[in-house]
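Contents: one structure, followed by commentary.
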Amino acid sequence: MVDFSIEPSALNSSRTASGLPTAQPVDYKITARNVSVFYGEKQALFSVGIDIPDRSVTAFIGPSGCGKSTFLRCFNRMNDTIASARVKGEILVQGKNIYGPDVDPVQVRARVGMVFQKPNPFPKTIFENVAYGPRIHGLAKSKSDLEEIVVKSLQRAGLFNEVKDRLDGEGTGLSGGQQQRLCIARAIAVSPEVILMDEPCSALDPIATAKIEELIDELRENYCIVIVTHNMQQAARVSQRTAFFHLGYLVEEDTTDQIFMNPKDKRTQDYITGRFG
Amino acid sequence: MVDFSIEPSALNSSRTASGLPTAQPVDYKITARNVSVFYGEKQALFSVGIDIPDRSVTAFIGPSGCGKSTFLRCFNRMNDTIASARVKGEILVQGKNIYGPDVDPVQVRARVGMVFQKPNPFPKTIFENVAYGPRIHGLAKSKSDLEEIVVKSLQRAGLFNEVKDRLDGEGTGLSGGQQQRLCIARAIAVSPEVILMDEPCSALDPIATAKIEELIDELRENYCIVIVTHNMQQAARVSQRTAFFHLGYLVEEDTTDQIFMNPKDKRTQDYITGRFG
Amino acid sequence: MSLSALLFCLLLAAIVAFVTGFWRAKRLSPDNPRAVHSRPGYHGGYLALWTALPAILVLLVWSAVEPRFIQAEVESNLPAQVLEGSEGQIGLAMGVVRSVATGLERLTPAEVAAAKASPKEAQRLFESKGVVIATPPAAAVIASAEELNNIRHLSRLAKTAVAAFLAIFGFIFAFRKLSPNLRARNRVEQVVILALMAASSVAIMTTVGIVLSVLFESIAFFKHVSIIDFLTGTIWDPRFASAGDAGGQGQFGLLPLMWGTLYISIVALVVAVPIGLLAAIYMSEYAHPKVRATVKPALEMLAGIPTIVYGFFAVVTVGPFLNFVGSEIGLVIQPTSVLTAGIVMGIMIIPFVSSLSDDIISAIPNALREGSYGLGATQSETIKRVILPAALPGIVGAILLAASRAIGETMIVVLAAGIAANLTLNPAESVTTITVKIVSQLTGDLEFNTPQTLVAFALGFTLFILTLGLNVYALYIVRKYREQYE
Amino acid sequence: MSAVAQDPSMSDSDAAETVGRFDNPALMRRRRREEVRFQAYGLIAIALGMSFLVILFGTIIRDGWTAFFQTSIELPIKFDAAEIDPEGTRNANTLAQANYQKLANQALYGQLGVDPSSRAQRQAANALISRDVDSQLRAMVAADPKIIGTTQNVWVLASGNVDAFAKGKIDRQLPQQNRQISDQQISWIDKLTASGAMEKSFNSGLFTNTASSQPETAGLAVALLGSFYIMLIVVLLSVPLGVAAAIYLEEFAPRNRITDIIEVNINNLAAVPSIVFGLLGLAVFINFAGLPRSASLVGGLVLTLRTLPTVIIATRASITAVPPSIREAALGVGASKVQSVFHHVLPLSLPGIITGTIIGLVQAIGETAPLLMIGMVAFVVDVPSSPLDPATALPVQIYMWATEAERGFVEKTAGATIVLLGILAVMNILAMVLRKRYERKW
Amino acid sequence: RDQVKIAGSSTVFPYAKIVAENFAKANAGLKAPVVESGGSGAGLKQFCDGVGEDKIDIANSSRRIKKGEQETCTKNGVADVVEVKFGYDGIVFASDVKGAAFAYEAKDWFNALAPEIVVDGKLVANPNKTWKEVNAAFPGWEIVAYIPGEKHGTREVFEEKVLVAGCKATGADKLIAEKLKAAGTAEDKLHGATEKACAKVRKDDGGKHAIDIDGDYTETLARLQANKESIGVFGLAFYENNTDKLRVATVGGVTPSVETISAGKYPVSRPLFFYVKKAHVGVIPGLKEYSEFFVSDKMIGEDGPLAQYGLVPLPEAEAKAVREIVKDLKPLAPLS
Ligand SMILES: Nc1ncnc2c1ncn2[C@@H]1O[C@H](COP(=O)(O)OP(=O)(O)OP(=O)(O)O)[C@@H](O)[C@H]1O
Ligand SMILES: Nc1ncnc2c1ncn2[C@@H]1O[C@H](COP(=O)(O)OP(=O)(O)OP(=O)(O)O)[C@@H](O)[C@H]1O
Ligand SMILES: [Mg+2]
Ligand SMILES: [Mg+2]
Ligand SMILES: O=P([O-])([O-])[O-]
């Protein structure tokens with residue numbers, strides 16, 4: 001029998017220790033209740049509810065088309081930009097319903113940052129890429145302020161050392177992994193409370209992937225992170241909690257250890273053992 | 001510890017039994033020697049050599065960008081269509097070097113069929129999609145001949161029953177999995193000796209994937225099949241031999257059992273246990 | 001203040017308002033920028049818009065209606081004998097008054113006195129200031145001119161006052177609204193989107209304008225000639241129709257013109273489509289990117305050459321050449337013929353076919369090409385059997401565009417097609433087109449208030465409908481094509 | 001099975017004859033030949049297209065390059081005080097009224113040895129120089145009255161016919177009565193040429209002179225300025241309006257019936273014959289709005305409407321080409337839709353917008369038909385000082401010159417066309433440079 | 001407005017240009033008029049659009065204003081219109097300079113271009129295909145004539161002075177009148193209808209015998225050079241500027257020239273006009289001055305630039321009368 005076991009280092013036990021015990025009440029950063037999403041006539045998500053704790057990484061896994069991205073994009077009202085999409089239900093970020101009547105989605109997005117599947121730096125300089133967010137939100141009082149923010153964000157994204165000599169080089173000139181870290185830096189720069197990542201490594205090579213995973217691990221100390229991934233190993237490596245989606249339903253959600261070692265649902269088990277997907 | 005073990009059914013032991021014993025000399029369908037590929041200045045493949053047996057499935061696995069597709073596309077000189085690509089070394093198909101001086105790549109491609117990652121049926125009717133190859137190669141003496149070829153190919157691809165009433169419907173109107181099977185039927189219709197498949201299931205849902213895997217298993221009885229996959233479980237399920245690539249090098253190649261249960265190289269082991277990728 | 005000065009002041013006011021809003025917003029919550037909904041710039045913009053926009057709108061409306069009011073006022077005081085005249089004569093008198101008024105404003109007070117004393121002197125003085133008038137101005141005219149100047153001054157004062165009031169009021173109103181919760185950004189952006197929307201309505205208004213500007217004259221034409229006769233008539237001989245001959249109505253027959261238009265367009269397409277399409281195929285599938293990068297724009301130049309140049313090219317070079325070729329092979333090819341016009345027009349529309357088709361062919365996903373190569377097809381087989389069928393709807397769209405361009409082309413056919421309205425199948429003979437007749441019926445020696453000239457508008461309308469139909473069809477095809485790939 | 005009879009491109013004989021495996025050499029040979037032939041078709045098409053271009057440019061340049069040169073004659077002109085200013089007052093009015101042409105004619109008689117008593121000889125000689133010499137000499141005197149009483153060597157323009165003759169556009173071999181230049185005049189011209197008193201030089205007047213009824217003094221100044229005003233108006237109006245409309249339609253407008261109608265409408269406007277725009281301009285801008293006829297303002301407005309659809313279509317296309325990931329990225333850091341458009345999408349679509357604008361401008365600058373309708377086919381002597389003044393435009397000037405009877409205008413027509421094509425080329429190159437400059441990769 | 005605005009006939013355009021140009025040189029304070037060329041009909045249309053600063057002052061016309069046009073003028077308040085006839089335009093027939101010589105009579109043209117001609121005392125469909133069949137003295141060229149299109153004033157002159165005259169000369173008019181009468185045309189309309197019928201041009205053989213030219217004489221010239229065995233109709237001025245390319249034909253034995261036309265020997269000519277809007281005189285600076293300058297001997301006289309260009313000058317008496325009219329601004333009486 002082939003052994004696909006994941007070694008202790010992959011599911012870092014120290015992390016699991018510092019992770020959040022399931023039973024104990026925690027301060028949830030995001031709470032979703034009865035979220036259903038429709039694309040035109042077609043329902044893509046069926047009454048999903050979830051609680052997502054702060055300062056930890058929550059992974060969404062599931063086969064292609066199961067609605068992971070759709071659900072993730074509800075958290076910063078990114079679905080608003082798709083004309084046919086309709087969202088029902090409520091999502092509380094820090095206790096406030098972001099789908100409430102007088103909420104400005106633009107402000108929601110400033111608080112809930114997002115990193116996309118394909119690195120999408122602006123075709124501007126590296127500096128401008130990171131400075132863009134702080135600029136439009138007026139987060140810097142002065143030039144030196146702005147520089148500080150940019151440098152700090154790049155440092156946090158683990159990119160600063162690699163690019164410090166060419167901050168005015170084109171962001172699109174970086175390698176894929178660097179671009180993705182630049183996008184993370186860009187997201188961090190507006191000091192969001194939550195960072196959403198939709199398959200951030202799927203376009204990257206293994207080395208770049210490893211770097212991003214390391215970064216996620218560090219960021220977890222300050223942010224609430226939600227990550228979508230196709231790669232179960234990745235979910236196991238970086239997340240503390242995992243939610244498994246299937247055909248638009250949230251099948252199971254628990255600590256990552258639980259999901260991978262002791263899935264309750266047959267579908268979850270089939271999926272993580274590679275029976276499908 | 002998370003258990004990623006693959007159950008017996010996935011690595012079907014009966015198949016393994018009917019597979020090819022490694023030590024024993026077999027009739028190799030394809031033999032590659034010292035194949036290096038360059039894209040412009042950049043070398044993507046470094047002196048790779050491999051022997052691929054007939055009537056079996058060989059899987060190429062490895063992290064993204066490691067050169068799997070590049071190598072696969074050497075087998076039918078598909079790389080010729082990329083202006084910047086240069087191939088060195090020799091590849092023998094049925095003992096004849098397809099990179100020899102007076103070999104017509106067009107003829108090579110008729111003998112070595114290919115199925116792509118994204119199903120790419122022509123925007124023609126289902127019938128015309130399958131009839132296209134036989135027509136250009138003049139394989140049918142008459143109309144009824146052609147019909148026979150088309151029907152047989154569709155049957156072999158396990159699609160006939162689903163589409164027999166709408167052979168003159170658009171090929172693009174089928175579902176993703178059906179489209180991929182249509183592409184397989186199209187490839188079979190010119191009676192190739194080898195079928196190359198580059199991640200044939202990566203755009204498909206689990207059910208369609210299962211169907212294709214089943215189909216591959218059946219086709220193996222008549223063809224030499226080479227399949228690239230990202231999905232180790234899939235490699236384990238469908239292939240008899242597996243080759244692991246890393247950064248442009250062929251790291252290890254052996255029976256699938258060997259590779260998954262007893263990898264010789266540290267990198268192979270790291271990869272299949274999910275340490276990276 | 002004059003309108004431009006006022007607008008300039010409003011601009012200044014807007015800048016001031018902007019700066020004020022900007023600073024005010026900065027103070028709203030100096031420590032936590034996040035507590036303020038919008039950035040200071042948007043607060044500034046909000047304030048500036050409120051300050052300047054209402055005033056500018058009112059000013060523009062005012063300026064549009066003002067002349068009529070002033071005119072009416074001054075007119076009412078013109079001498080009685082002028083007022084008895086027609087509207088046009090009053091208008092002329094007003095023109096003189098306006099000139100004199102302009103002249104008076106340029107004079108010094110002493111000169112004004114001199115001008116009032118002697119009309120001759122007035123004319124001389126005005127001329128020395130660059131205002132030429134035809135005759136020495138009568139006293140009444142000078143009086144009216146002075147009145148005009150007075151009213152203008154008054155109006156200007158009032159305008160200034162209103163603008164100032166609106167600006168100040170708007171400023172105060174908006175300023176009091178500034179607060180951390182004010183969604184200044186959304187407000188400003190709403191105005192921006194409104195402005196964008198207004199811009200896109202220009203296209204609609206143009207169409208309405210076109211329809212209106214040809215509709216009434218067309219209706220007038222159809223009072224003379226029945227619409228059925230016009231649409232179904234096979235004889236175009238408008239001149240003799242006016243004689244009141246029996247059956248004269250039938251002589252405004254559209255069909256020969258329509259046939260000529262379509263025939264020439266077809267010849268043009270016969271030239272342009274194979275050349276353009278094959279060139280596009282070669283450029284997108286075979287040619288080195290560098291070749292493509294030079295050939296494509298070079299061919300595009302063909303579409304940029306003014307059509308009048310093509311027209312002369314047709315008459316001076318192509319027509320005689322075809323005629324010569326014809327006589328060598330024993331054919332009579334008239335120098336102006338369907339062939340001449342069609343070929344030259346075909347050359348002109350080559351780039352419409354080649355560039356658009358090139359774009360469309362390049363947009364065909366590579367997966368299809370690979371699919372075909374993978375089956376052992378050669379490149380030309382792939383192109384002919386896979387790429388072209390897949391690109392066909394898009395190519396048809398491009399061809400339709402080229403066709404509508406050919407149908408509407410004027411200068412080439414005016415020079416190269418001929419003017420005899422023939423219903424002929426022989427491409428060596430000359431035919432005429434709708435556009436030729438529009439030009440010739442409008443610029444000729446014909447009496448202007450007769451159906452002969454009015455018909456030009458009916459023809460314009462027909463042409464408009466024709467191209468509209470083609471475009472709707474093209475859009476339908478392109479839509480269908482889009483769906484296929486999505 | 002009904003689907004069988006479908007692919008007509010492959011004849012059945014083809015299939016029947018060559019059944020077999022892929023190594024059927026006959027079939028393979030045919031397929032390869034087919035491949036070569038097909039490529040050849042493409043090459044031929046491109047060669048045809050390019051040769052049309054070359055022929056067009058070739059003919060125009062062949063006919064027109066001489067328009068850039070002008071024949072002049074050097075005459076020792078005696079500024080006779082008795083003739084110019086008999087009373088010696090140096091009054092400006094008197095100086096202006098003097099008969100300068102006579103001075104030039106007399107100088108010419110002296111130069112050529114013409115018998116002043118023979119009317120026929122006099123007339124033949126007079127016809128050698130331009131009627132415009134008058135103004136030239138008047139201007140000289142006005143600038144410097146001190147030359148009165150002196151004799152100056154002055155280069156004066158030759159008449160249009162002499163110019164045409166000197167450039168070989170009038171055939172020496174023709175019988176005399178069929179020529180505009182008599183044998184006598186030819187002998188004079190030869191004499192002048194031999195003595196170096198007749199030369200061709202660069203014709204700057206082509207660019208600085210305004211309309212004239214004589215070919216030698218006709219120039220493009222009014223047309224160039226008119227076209228410049230028209231272009232200015234078109235750029236100033238159609239670019240902002242077009243880009244704004246495109247942004248609205250592409251980014252903000254809901255997708256529904258109305259926007260469908262707008263889209264059809266815009267596509268249709270791009271194809272509406274330009275002459276119909278002329279009718280529109282006449283009805284709306286001149287008859288309704290009361291703008292002056294023949295003014296470049298009206299021309300500019302009409303051509304703005306003509307260009308607008310092109311700009312909108314090109315802009316929309318380049319906006320669509322900006323990948324959605326850029327928009328998402330901007331929205332993702334909390335930019336509003338408007339911000340994402342103006343900060344990112346618009347700058348990225350700049351190359352496409354530039355291309356579209358230039359294509360539109362290139363079309364507009366060559367447009368003749370609508371200008372026929374709004375009174376720009378006119379004889380305008382005064383240089384327009386504003387877009388409200390009467391003016392012509394380059395293509396219209398070409399059109400007018402093309403219908404002139406005098407021989408000299410034939411080369412003028414082609415010369416003006418070269419100027420127009422030169423402007424087009426410059427605009428195209430500009431587009432290319434700008435596009436390069438703003439092109440971004442993503 | 002400090003500038004005279006003129007629109008109208010393209011035939012008059014070159015003359016108006018020369019006058020406008022010289023006018024500006026001669027009058028320092030006044031601007032050169034702006035002259036538009038858009039055809040007589042288009043010019044008169046604008047002219048009759050009304051009075052006012054935004055309306056033109058002068059319409060050039062290569063034909064007399066029509067009754068209906070005058071009525072429109074009056075209706076629109078353009079009551080007083082001064083008609084100024086300033087010269088004649090000769091119309092000549094010419095072929096390629098190397099071609100054959102033609103000596104036409106009006107009947108030759110009728111026999112060449114009419115749809116029906118008289119053969120043996122009967123009206124029959126025109127059988128003539130070549131000029132030789134029309135007149136044995138002519139070469140055997142196929143009949144191909146480029147005649148002015150119907151939009152041109154020249155066409156009317158051609159019809160009236162050539163075709164109708166030829167119709168009468170061959171006696172076809174009587175036969176046509178009989179035919180029309182038989183078809184039920186009223187007696188009072190008979191004359192007009194006959195003339196109209198006489199003026200018709202054949203359209204057989206795909207219309208290749210008589211080809212309308214809507215463009216200018218340059219276009220006719222280009223056609224002629226493309227088809228050397230053809231005849232074109234030109235203005236005298238145009239011919240005189242292109243004697244190296246054209247060979248002119250005589251009509252009635254008379255060679256067209258300024259002299260023969262002004263002496264009344266050459267039959268095919270027509271008067272040229274411009275119309276002045278009286279209401280604008282005294283309002284638009286330079287209007288009266290321009291009109292007077294135009295008809296001055298310096299311009300339209302025998303040695304003037306217009307004659308040099310090709311205008312057939314008015315006989316002295318007519319010129320004098322015209323100068324009177326312009327001086328007194330005598331309006332045109334309503335046409336009947
Ligand atoms: N813009 C859209 N319009 C219509 N349907 C959509 C749209 N986006 C997604 N869908 C549909 O919604 C369902 C869920 O899609 P979603 O992208 O959320 O899946 P996913 O789990 O992220 O898949 P993947 O792993 O492939 O990214 C799918 O069936 C998909 O086809
Ligand atoms: N057309 C090309 N031009 C230049 N470089 C290329 C091209 N195609 C592939 N490469 C490069 O060659 C290397 C190998 O690519 P290849 O597509 O073979 O990888 P792969 O193993 O198939 O990856 P994946 O799993 O993502 O399909 C990569 O670094 C890739 O960037
Ligand atoms: Mg997704
Ligand atoms: Mg690959
Ligand atoms: O332009 P015309 O009216 O003289 O033909």
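Naming convention: chains lettered A, B, ... in sequence-line order (proteins, then strands); numbering from 1 in each chain. Treat the numbers as computed from the prediction; the structure is a model and nothing was measured.
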Full working for side chain to side chain contact (heavy atoms under 4.5 Å, CB included) between Asn268(D) and Thr207(C): CA-CA 9 Å; Asn268(D) 184 46; Thr207(C) 306; 5.6 Å; no
Answer whether the closest heavy-atom distance between the side chains of Ser336(D) and Arg185(C) falls below 4.5 Å. yes
Would a 4.5 Å heavy-atom cut-off, applied to side chains only, mark Asn265(D) and Thr206(C) as touching? no
For [X], is it the side chain, the backbone, both, or neither that has a heavy atom closer than 4.5 Å to a heavy atom of chain D?
{"X": "Ile281(C)", "value": "side chain"}
{"X": "Phe461(C)", "value": "neither"}
{"X": "Met197(C)", "value": "both"}
{"X": "Leu470(C)", "value": "neither"}
{"X": "Ile350(C)", "value": "side chain"}

Which residues in residues 50-60 of chain D have a heavy atom less than 4.5 Å from any heavy atom of chain C?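 So the qualifying residues are Met50(D), Phe52(D), Leu53(D), Ile55(D), Leu56(D), Phe57(D), Thr59(D), Ile60(D).
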Any residues in residues 420-427 of chain D near chain C, with a heavy-atom distance under 4.5 Å, and which are they?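 The residues closer than 4.5 Å to chain C, in numerical order, are Leu420(D), Leu421(D), Leu424(D).
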Among residues at least two apart in sequence or on other chains, which ones pass side chain to side chain donor-acceptor pair (under 3.5 Å) with Glu217(C)? none
Partners passing side chain to side chain donor-acceptor pair (under 3.5 Å) against Glu285(C) (at least two apart in sequence or in another chain): Arg369(C)
In terms of heavy-atom pairs under 4.5 Å with chain C, which of Ile44(D), Leu305(D), Leu282(D) leads?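 When all of Ile44(D), Leu305(D), Leu282(D) are compared, Leu305(D) has the most.
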Max heavy-atom pair count under 4.5 Å with chain C, selected residue of Ala45(D), Gly281(D), Gly278(D):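 Of Ala45(D), Gly281(D), Gly278(D), Ala45(D) has the most heavy-atom pairs under 4.5 Å with chain C.
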As a test of understanding, state which of Arg31(D), Glu34(D), Glu35(D) forms a side-chain hydrogen bond (donor to acceptor under 3.5 Å, both in side chains) with Ser380(C).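 Exactly one option meets the side-chain hydrogen bond (donor to acceptor under 3.5 Å, both in side chains) with Ser380(C), and it is Glu35(D).
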What residue, out of Val295(C), Val211(C), Ile305(C), has the most heavy-atom pairs lying under 4.5 Å from chain D?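 The answer is Ile305(C).
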Let's go through Glu381(C) and Phe38(D) carefully: what are the C-alpha distance in whole Å and the side-chain angles of both, what is the deciding distance for side chain to side chain contact (heavy atoms under 4.5 Å, CB included) to 0.1 Å, and is it a yes or a no? CA-CA 9 Å; Glu381(C) 284 162 350; Phe38(D) 190 71; over 6 Å; no
Quick one: pull up CD1 in Ile247(D) and CG in Leu196(C) and give me the separation to the nearest 0.5 Å. 5.5 Å
